Protein chains: 2
Amino acid sequence: MTQHQPGAHRALPYGKLANGKLQRLLDALPPDLRLEMEGMWEYRTLSAGAVVIEDGQEAERIGYVLDGILVMVKELSDGRRHIIGLLTPYDMFGRAFNGASGYRIEALTDTQVLTCNRVQFEHLIARSIEAEQLFLRNLLDELDAAREWVIALGGAKVVQRLASLLLILSRHKFNGACGKPTFAAGQPLNLHIQLKRQDIAHYLGTSPESLSRSFHQLEGDKIIRINTPYDIDVLDLAKLTEVAGNSLLLERI
Amino acid sequence: MTQHQPGAHRALPYGKLANGKLQRLLDALPPDLRLEMEGMWEYRTLSAGAVVIEDGQEAERIGYVLDGILVMVKELSDGRRHIIGLLTPYDMFGRAFNGASGYRIEALTDTQVLTCNRVQFEHLIARSIEAEQLFLRNLLDELDAAREWVIALGGAKVVQRLASLLLILSRHKFNGACGKPTFAAGQPLNLHIQLKRQDIAHYLGTSPESLSRSFHQLEGDKIIRINTPYDIDVLDLAKLTEVAGNSLLLERI
DNA sequence: TCAAATGATTGATGGAAATCAATGAAATGC
DNA sequence: GCATTTCATTGATTTCCATCAATCATTTGA
């Protein structure tokens with residue numbers, strides 16, 4: 001975290017983490033290490049556009065996204081931007097042990113993150129087998145998530161890829177939610193998509209115009225409801241899965 | 001590795017690893033651990049179609065691909081196969097610490113692998129900070145590789161995605177090669193693509209027919225030469241990069 | 001407040017690709 | 001060896017999508 005909003009960090013708000021991924025990780029630690037681990041984290045907010053980690057630099061801090069979206073982006077020599085991946089809530093960013101980043105990470109929206117000094121984190125990992133295994137598991141989850149994006153982008157048609165994206169975001173929302181799932185009962189699942197159509201389009205390998213048409217196709221089929229371009233209700237998860245063309249993305253909900 | 005070709009494993013042939021990724025990893029270990037680590041590995045060959053790790057099972061062994069291609073595949077209920085990802089030489093497979101696999105891993109071609117007992121490997125990782133960090137670094141590399149596929153598949157046109165695939169395979173071939181690169185001098189780089197057109201098409205989110213046309217378009221532009229459908233010479237890496245639409249995939253050659 | 005800018009959407013059109021159908025080529029089995 | 005199957009390729013047609021252009025909605029800034 002080479003740049004962040006000054007004055008925006010304060011102590012870890014434990015309530016924010018109830019039922020969250022990090023909390024589940026912490027729960028598995030021995031009490032003494034857990035206390036130490038908890039003390040290491042800082043809560044921060046980032047304004048949209050803030051650079052979290054610069055391309056080619058070694059991250060000073062690592063962290064978790066709590067709310068908002070970070071984007072991994074590569075600036076090409078001709079000025080175009082290539083979006084490599086998205087970091088949504090409960091994803092980890094910054095590379096422990098792994099040197100400089102090959103791309104820039106920036107906040108696509110106003111974002112809330114938990115961060116931690118990288119070196120401090122590495123030392124804790126090195127001292128504790130439990131912490132190390134938690135981190136490894138987390139990393140392996142990230143790998144699965146990245147491979148999931150590959151599936152999502154493998155769809156032949158735009159509407160298929162969009163459906164896959166919405167499925168992934170739905171699951172993030174669902175897994176990150178507190179308490180019992182309200183979802184199986186058939187209520188609409190509300191998604192706050194903090195991406196501009198242009199960014200989504202780029203990420204899905206299509207144009208904003210085609211993307212817009214796909215959004216409205218899904219709405220016409222009663223699969224989603226578009227409240228605003230950034231506020232989507234998923235009405236029919238089964239149909240959405242059908243359109244996505246595979247059930248893989250849903251199996252971990 | 002729940003199934004493999006009987007009688008096909010023997011002691012680690014050190015020569016095979018010269019200049020390889022694993023060798024570089026081993027070199028960084030303290031001598032005593034390095035000896036122990038080296039003793040853990042077995043060289044095996046797998047016949048095309050052999051199941052390396054079954055969907056839903058916990059891997060007994062983890063390993064590295066030396067030659068050939070493994071495929072991560074999910075069998076859908078209606079009998080179709082969804083290719084999740086490819087494992088090419090120097091990729092790691094099998095999940096340490098992470099429980100059951102969510103997909104099947106099978107050999108797409110006759111494949112040479114180095115494998116190691118998972119539990120033994122986990123114990124070594126737990127004992128040695130160096131080994132642990134090597135593993136972490138490797139895992140983070142895998143994550144980068146997965147994100148690279150996202151870039152490759154993000155291309156809008158079929159020929160673009162194909163070019164990206166060929167670039168990635170070229171780099172694997174190149175980085176895995178022994179000794180000095182013969183590549184910068186402009187010689188053709190020979191690729192043995194062990195995938196059927198249908199499999200490549202599925203992976204790139206297109207049809208075999210469109211894929212075939214893209215192959216021959218690249219050949220017509222003198223960028224590749226198609227000796228057989230499975231034997232491709234890359235004649236002009238610069239043009240190939242141009243068609244792929246970005247230079248990201250090339251930067252690590 | 002209003003003008004300007006940005007983003008989302010819609011329409012029209014040419015080009016790209018999926019699909020259907022057929023042929024050629026190679027591998028496989030008997 | 002030949003028949004059979006599988007795979008790759010090519011052609012013709014339809015569908016999809018990128019692009020250009022225009023409009024509408026929302027946000028931004030003075």
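Chain naming here is simple, since letters A, B, ... match the order of the sequence lines and numbering starts at 1 in each. As the structure is a prediction and not an experimental result, all values here were calculated from the model.
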Ile200(B) CD1 - dC7(D) C1' separation (whole Å): 12 Å
Protein-nucleotide distance (Lys196(A), atom NZ; dT27(D), atom P), rounded to Å: 14 Å
Atom pair distance, as rounded to whole Å: CD in Gln198(B) and P in dT9(D): 13 Å
Given Leu195(A), Leu86(A), Leu211(A), the one that forms side chain to side chain contact (heavy atoms under 4.5 Å, CB included) with Tyr203(A): Leu86(A)
From Gln217(B) atom CD to Leu162(B) atom CG, the distance as rounded to the nearest 0.5 Å: 9.5 Å
Euclidean distance, atom CD1 of residue Ile193(B) to atom C1' of dA8(D) [Å, nearest integer]: 14 Å
Positional range of nucleotides in DNA chain C within the contact set of chain A, heavy-atom, under 4.0 Å: dG7(C) to dA12(C)
Side-chain donor/acceptor of Thr206(A) to backbone N/O of His202(A), under 3.5 Å: no
Which atom of Asp221(A) lies closest to which atom of Lys239(A), heavy atoms considered: O-NZ, 3.8 Å
Distance, nearest 0.5 Å, that separates CD of Glu209(A) from CZ of Arg197(A): 12.5 Å
Flag, side chain of Ser170(B) to backbone of Leu166(B), donor-acceptor distance under 3.5 Å: yes
Neighbours of DNA chain D within residues 208-232 of chain A, by heavy-atom distance under 4.0 Å: Glu209(A), Ser210(A), Arg213(A)
Between dC17(D) (P) and Arg161(B) (CZ): distance, integer Å: 11 Å
Taking every non-hydrogen atom, the tightest pair across Ile105(B) and Phe93(B): CD1-CB, 4.2 Å
OP1 or OP2 of dA18(D) under 4.0 Å from side-chain N/O of Thr206(A): yes
Exercise: identify the closest heavy-atom pair between Pro208(B) and Ala201(B): N-CB, 3.5 Å
